[in-house]
Amino acid sequence: MTSKYEPKKIETKWQRYWAEHQTFRVTEDPSKAKYYCLEMFPYPSGRIHMGHVRNYAIGDVVARYKKTRGYNVLHPMGWDAFGLPAENAAIDKGVHPVVWTYDNIAYMRDQLRKMGLSYDWDREVTTCDPAYYKWNQWFFLKMYEKGLAYKRRSSVNWCNSCETVLANEQVIDGQCWRCSSVVDQKELEQWFFKITEYAEELLAGCDRLTGWPERVLIMQRNWIGKSAGVEVDFPLAAGDGAIRIFTTRPDTLFGATFMSLAPEHPLVESLIRGTEAEAAVRALVERVKHQDRVIRTAEDVEKEGVCTGRYAINPLTQKKIPVWVANFVLMEYGTGAIMAVPAHDQRDFEFAKKYHLPMRVVIQNREETLSEGTMTAAYTDEGPLVNSGLFSGVPSPEAIEKIAGYIEQEGLGKRTVNYKIRDWGVSRQRYWGTPIPIIYCDRCGVVPVPEDALPVVLPRDVAFTGKGGSPLHQVQGFVKAHCPSCGGEARRETDTMDTFVDSSWYFLRYGSPKTDHLPFDKQAVSYWMNVDQYIGGIEHAVLHLLYARFFTKVIRDLGLIAVNEPFANLLTQGMVIKDGAKMSKSKGNVVDPDYLIGTYGADTARLFSLFAAPPEKDLDWSDRGVEGAFRFLSRVYRKVADLAPCLNPQLNLKVRGIHQYRNRLDEIGAGLPEDLKRLRKVVHQTIKKVSENIEVFHFNTAISFIMEMVNNIYLVPHEGRAGDEGFLYVMKESLDSLILLLSPFAPHITEEMWEMMGYESSVTGVPWPIYCTEIAQEEERLIVIQINGKVRSKITVPAGTPEEEIRRRALSDERITGLLGGKPPRKVFVVQEKLVNIVV
RNA sequence: GCCGGGAUGGUGAAACAGGUAGACGCACGGGACUCAAAAUCCCGCGGGGGCAACCCCAUGGGGGUUCGAUUCCCCCUCCCGGCACCA
């Protein structure tokens with residue numbers, strides 16, 4: 001017997017076949033409906049992990065399935081190739097980032113090939129290639145022209161030992177993730193992208209992204225953090241000027257009994273200069289400024305403040321109120337100054353209690369009367385206004401509107417909207433990233449590199465010491481430049497871009513990866529966009545997915561594309577878990593894809609990761625389960641290997657497809673013996689169920705239905721039936737269908753079996769099987785009979801039996817009449833073709 | 001603290017426009033094949049009671065709506081994510 005399933009042999013054979021026949025190559029074809037299936041491209045860290053296997057297995061099922069449904073499918077892959085680990089490898093091991101990265105890519109590309117993924121490798125994109133990052137620079141210049149890229153001083157996390165900036169996520173408990181020294185805050189000139197300009201559109205767009213998981217949209221909405229309120233000026237009691245505050249609660253304005261400024265607020269200095277409070281305020285400001293962000297915003301930080309000794313006038317009460325500086329007020333949000341309403345804001349309440357500041361109730365609790373002396377917490381609910389002049393008695397929700405109107409009418413302030421989202425800081429003091437295309441000239445100032453001088457290429461000859469900041473700084477040949485404007489000596493910007501820039505538009509580049517006069521070809525990309533299905537990890541819910549949306553809108557406004565959103569449908573897959581924890585090297589619970597594929601084959605690896613859990617849920621890895629998947633494929637293979645040799649010559653069906661012999665099968669269908677009729681019905685039902693389940697990404701149940709069908713095929717005896725036409729046709733139809741249904745999940749073994757069935761072309765070109773409604777239809781229905789909601793009997797009736805008849809048969813059922821014992825039913829519920837419930 | 005998501009057999013999970021709870025797989029048990037083992041094929045498999053036909057209990061816990069609730073509503077417990085002084 002040669003019916004042993006040998007995945008290694010089969011898989012190499014078909015991977016070679018696909019490569020030689022360019023099976024997955026696609027071109028734009030306006031006569032066909034397109035489908036763009038995209039998985040998040042990986043960072044080339046060295047080897048793929050199980051998360052990748054799962055992600056790409058999911059994407060491949062979608063891509064292959066859509067192809068069998070006649071779509072022109074774009075399914076590309078590439079490399080998110082810039083980033084810190086390459087630079088660390090250079091420092092630690094002395095390997096150049098270019099070498100390290102491209103070696104990793106070569107290895108990982110090979111791993112992906114061995115998974116049998118249906119990528120069009122001709123469209124491969126690598127972000128560290130100058131031909132790619134040239135366009136990062138081009139977009140930067142376009143955004144600079146439009147004022148969307150700008151430079152300002154800002155505070156960053158700085159490690160004195162590594163002499164470099166750290167991202168927020170690289171600061172662990174206030175310490176550098178690499179050398180564990182304490183991280184400082186440092187003011188640096190930084191480049192920013194003005195994502196805030198698109199805040200409103202990004203927010204509004206969330207409502208139209210109906211193909212995205214709700215929780216991702218919620219996270220994005222929260223991140224953007226829109227709130228509507230008013231800005232109000234509180235004039236200083238002495239001297240000129242005013243303090244502008246932002247509040248969402250104008251209804252509590254009458255209760256503002258003091259004010260708090262952020263330590264960084266520009267007015268602080270002038271308010272305290274030469275006063276008694278000067279030293280105390282300055283001490284607080286200095287202390288807070290040197291706390292890093294992580295510590296400062298930690299939950300257990302106590303509220304503290306110092307009084308400036310100065311006063312402002314509450315514009316509604318005309319009362320003098322003291323001005324404080326407080327550590328919990330953030331300069332980045334609103335105006336950096338707040339009015340403090342201790343009676344109705346918990347933070348202000350705590351602050352007022354601590355420093356014995358006055359309180360004033362302006363919203364009354366309908367249930368129990370509030371009074372300043374007895375309150376133990378701020379009252380933040382609704383209620384009628386009190387102590388609020390003209391507005392006393394107005395319910396607070398209404399007062400928000402009324403007082404806001406009054407403020408505007410009296411010229412005391414205006415309605416505004418605030419967002420939590422901040423502009424995107426893109427400067428990185430790193431080598432392995434896209435150089436920012438800017439030149440600094442002593443005479444002309446900041447000068448953009450002219451478009452025709454792009455790309456600004458990253459110099460290769462660089463020393464990686466891990467010391468002295470960005471290695472680019474030391475490269476004279478790079479730093480020294482001529483001013484594009486005056487031709488004089490100038491310096492080149494040595495910061496590089498955040499690598500999230502790279503991934504913000506790569507999906508557009510796939511549409512025409514070799515275009516060199518523009519980032520992409522407009523026509524090709526307008527054919528492919530949007531991405532119909534995007535698949536990746538939830539960890540990018542706000543970062544990458546928000547940046548990509550922002551870039552898409554910017555690129556649209558540059559006139560290069562027409563779409564508003566990059567990804568029509570989003571699937572966020574769950575993590576891969578083993579022994580109750582996420583797979584990680586430190587936990588020692590990783591499963592190596594190389595080992596898995598080497599031992600069981602790619603088809604088994606794919607099948608298991610799709611079968612063990614629905615895609616969006618976490619997947620619990622099980623070695624036993626993997627064996628089960630392998631066993632199933634072997635079982636399928638054995639049956640085909642067993643039957644194919646007798647089917648082909650007997651039926652003379654060499655290259656004729658499923659649709660042709662079905663006609664013959666339909667002719668003899670009525671005369672088939674019971675077991676074959678039954679199998680045929682199961683096959684058609686399975687086609688229906690598998691199709692429906694793939695459409696909604698229920699791959700685990702789709703696979704379970706295929707398994708059930710295989711069990712049914714096994715149950716049909718075949719001894720002595722080799723000459724029976726009906727048997728041969730039914731088996732042929734069953735096996736052909738089985739192979740086609742299984743092909744998106746396990747592409748190699750199905751190619752092999754398709755060939756064994758006598759077909760000469762690849763299974764990838766064969767249309768998805770179609771089921772026949774009449775055959776799939778059950779002609780008998782099982783009716784459950786309940787008494788008082790408990791199952792007491794079951795009967796079968798022909799399909800289409802009228803309700804009355806079902807009721808009659810249920811009530812006259814032997815078991816039921818016995819149990820009823822002559823008692824008349826009080827009520828009888830009949831659910832058509834399903835259930836009868838008798839209430840007594 | 002706020003916002004999400006979740007809890008179903010020994011185990012991964014099915015089933016939710018309310019209608020037989022546990023499909024399919026894993027583990028386990030039994031049988032067939034074999035000198036034997038592995039592999040394979042077939043059967044069984046939530047818990048409790050009963051010789052049996054059958055009966056009772058069971059979808060994190062407690063209430064409710066309903067002829068009927070894993071599914072809908074209210075309260076509670078635990079777990080996992082995200083945000084976190086945003087005025």
Side-chain angles (χ1 to χ4, degrees), chain A residues 3-4 213-223 225-227 229 245-249 252 256 260 262 296-303 326-330 332-341 344-348 350-351 418-422 538-539 541-542 574-575 577 580 582 607-608 611-614 616-629 631-632 634-635 638 689 698 700-711 714-715 782-794 815 825-832 834-840:
Chain A
S3 58
K4 189 166 185 290
E214 194 53 33
R215 61 175 177 150
V216 174
L217 294 174
I218 287 167
M219 280 194 229
Q220 293 216 349
R221 287 191 191 103
N222 290 344
W223 190 264
K226 179 180 182 173
S227 54
I245 60 100
F246 171 75
T247 181
T248 56
R249 294 291 306 275
T252 65
S260 300
R296 189 171 163 188
T297 57
E299 65 179 306
D300 49 3
V301 170
E302 188 164 348
K303 293 182 184 18
N327 66 340
F328 69 90
V329 181
L330 305 173
E332 305 89 72
Y333 187 76
T335 60
I338 59 167
M339 65 167 188
V341 186
H344 305 291
D345 181 286
Q346 188 58 26
R347 294 156 302 182
D348 296 340
E350 287 166 25
F351 196 82
N418 256 293
Y419 299 92
K420 280 198 255 185
I421 192 172
R422 318 229 174 94
I538 185 78
E539 65 272 19
V542 276
M575 290 188 296
I577 304 282
K582 185 187 163 124
L607 193 75
F608 175 73
F611 176 65
E616 65 282 358
K617 278 186 78 173
D618 286 349
L619 184 157
D620 213 338
W621 196 264
S622 148
D623 294 332
R624 298 287 204 175
V626 174
E627 278 171 40
R631 218 158 28 222
F632 168 70
S634 306
R635 185 169 154 88
R638 217 177 294 124
K689 287 190 282 191
H698 291 178
N700 55 332
T701 46
I703 293 167
S704 79
F705 292 129
I706 299 176
M707 288 173 166
E708 238 168 318
M709 179 168 111
V710 171
N711 292 344
Y714 263 86
L715 287 178
L782 181 72
I783 307 292
V784 171
I785 307 172
Q786 299 180 329
I787 295 177
N788 291 339
K790 294 192 175 183
V791 182
R792 284 293 125 102
S793 184
K794 291 165 192 180
R815 282 184 45 78
R826 212 147 45 96
K827 194 147 191 196
V828 179
F829 293 84
V830 182
V831 180
Q832 190 56 323
K834 252 189 190 158
L835 171 141
V836 177
N837 189 14
I838 301 159
V839 185
V840 293

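Per chain, numbering begins at 1; letters A, B, ... match sequence-line order.
One atom, CD of A:E616, and another, C1' of B:rG4, lie 15 Å apart when rounded to the nearest Å. The NZ-P distance, from A:K794 to B:rG19, rounds to 16 Å in whole Å. Taking atom CG on A:L619 and atom C1' on B:rG25, their separation rounds to 13 Å, with Å as the unit. The CZ-P distance, from A:F705 to B:rC24, rounds to 10 Å in whole Å. Rounded to a whole Å, the CH2 atom of A:W621 is 14 Å from the C1' atom of B:rG25. Regarding A:F246, its CZ atom lies at a distance of 7 Å from the P atom of B:rA87, rounded to whole Å. Residue A:F829 contributes atom CZ, which lies 15 Å from atom C1' of B:rA69 at whole-angstrom precision. Atom NZ of A:K827 and atom P of B:rG68 are 11 Å apart (whole Å).
For the pair A:K303 and A:F328, the distance from NZ or CZ to the six-membered ring centre is under 6.0 Å and the angle to the ring normal is within 45 degrees.
Of the two residues contacting RNA chain B, namely A:L782 and A:D345, the nearest-nucleotide position lying further toward the 5' end is that of A:L782. Of the two residues contacting RNA chain B, namely A:D620 and A:R249, the nearest-nucleotide position lying further toward the 5' end is that of A:D620.
Of the listed nucleotides (B:rU20, B:rG19, B:rG4), B:rG19 has the atom at the smallest distance from the side chain of A:N837. Side-chain proximity of A:V839 to the nucleotides B:rG12, B:rC54, B:rC67 is greatest for B:rC67. Nearest nucleotide to the A:K790 side chain, out of B:rC57, B:rC41, B:rG19: B:rC57. Comparing B:rC24, B:rA15, B:rU40 by their closest approach to the side chain of A:M707 singles out B:rC24. For A:R347, the side-chain atoms get nearest to B:rC85 when compared with the rest of B:rC85, B:rA15, B:rA13. Of the candidates B:rC56, B:rG19, B:rG4, the closest approach to any side-chain atom of A:R792 belongs to B:rC56. Of the listed nucleotides (B:rC86, B:rG4, B:rC42), B:rC86 has the atom at the smallest distance from the side chain of A:K420. The side chain of A:V791 lies closest to B:rU20, out of B:rU20, B:rC43, B:rA87. Of the candidate nucleotides B:rG19, B:rU40, B:rG25, B:rG19 has the atom lying nearest to any side-chain atom of A:V831. Considering only the side chain of A:S704, B:rC24 comes nearest among B:rC24, B:rC3, B:rC43.
Nucleotide B:rC28 forms a pair with B:rG44, judged by Watson-Crick or G-U wobble geometry with both contacts under 3.5 Å. Across the strands present, B:rA53 finds no partner; the criterion is a Watson-Crick or G-U wobble pair with both atom distances under 3.5 angstrom. Nucleotide B:rU8 forms a pair with no other nucleotide shown, judged by Watson-Crick or G-U wobble geometry with both contacts under 3.5 Å. Across all strands shown, B:rC83 forms a Watson-Crick or G-U wobble pair with B:rG1, both key distances being under 3.5 Å. B:rC16: no Watson-Crick or G-U partner with both key distances under 3.5 Å is found in any strand.
B:rG9 takes the syn form, because its glycosidic angle lies no more than 90° either side of 0.
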- Message: Would A:R635 and A:N711 count as a side chain to side chain donor-acceptor pair (under 3.5 Å) here? Give the steps.
- Response: CA-CA 9 Å; A:R635 185 169 154 88; A:N711 292 344; 3.0 Å; yes
- So A:R792 and A:I785, side chain to side chain contact (heavy atoms under 4.5 Å, CB included) or not? Walk me through it. CA-CA 6 Å; A:R792 284 293 125 102; A:I785 307 172; 5.8 Å; no
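Atom CD of A:E616 is separated from atom NE2 of A:H698 by 6.5 Å, given to the nearest 0.5 angstrom.
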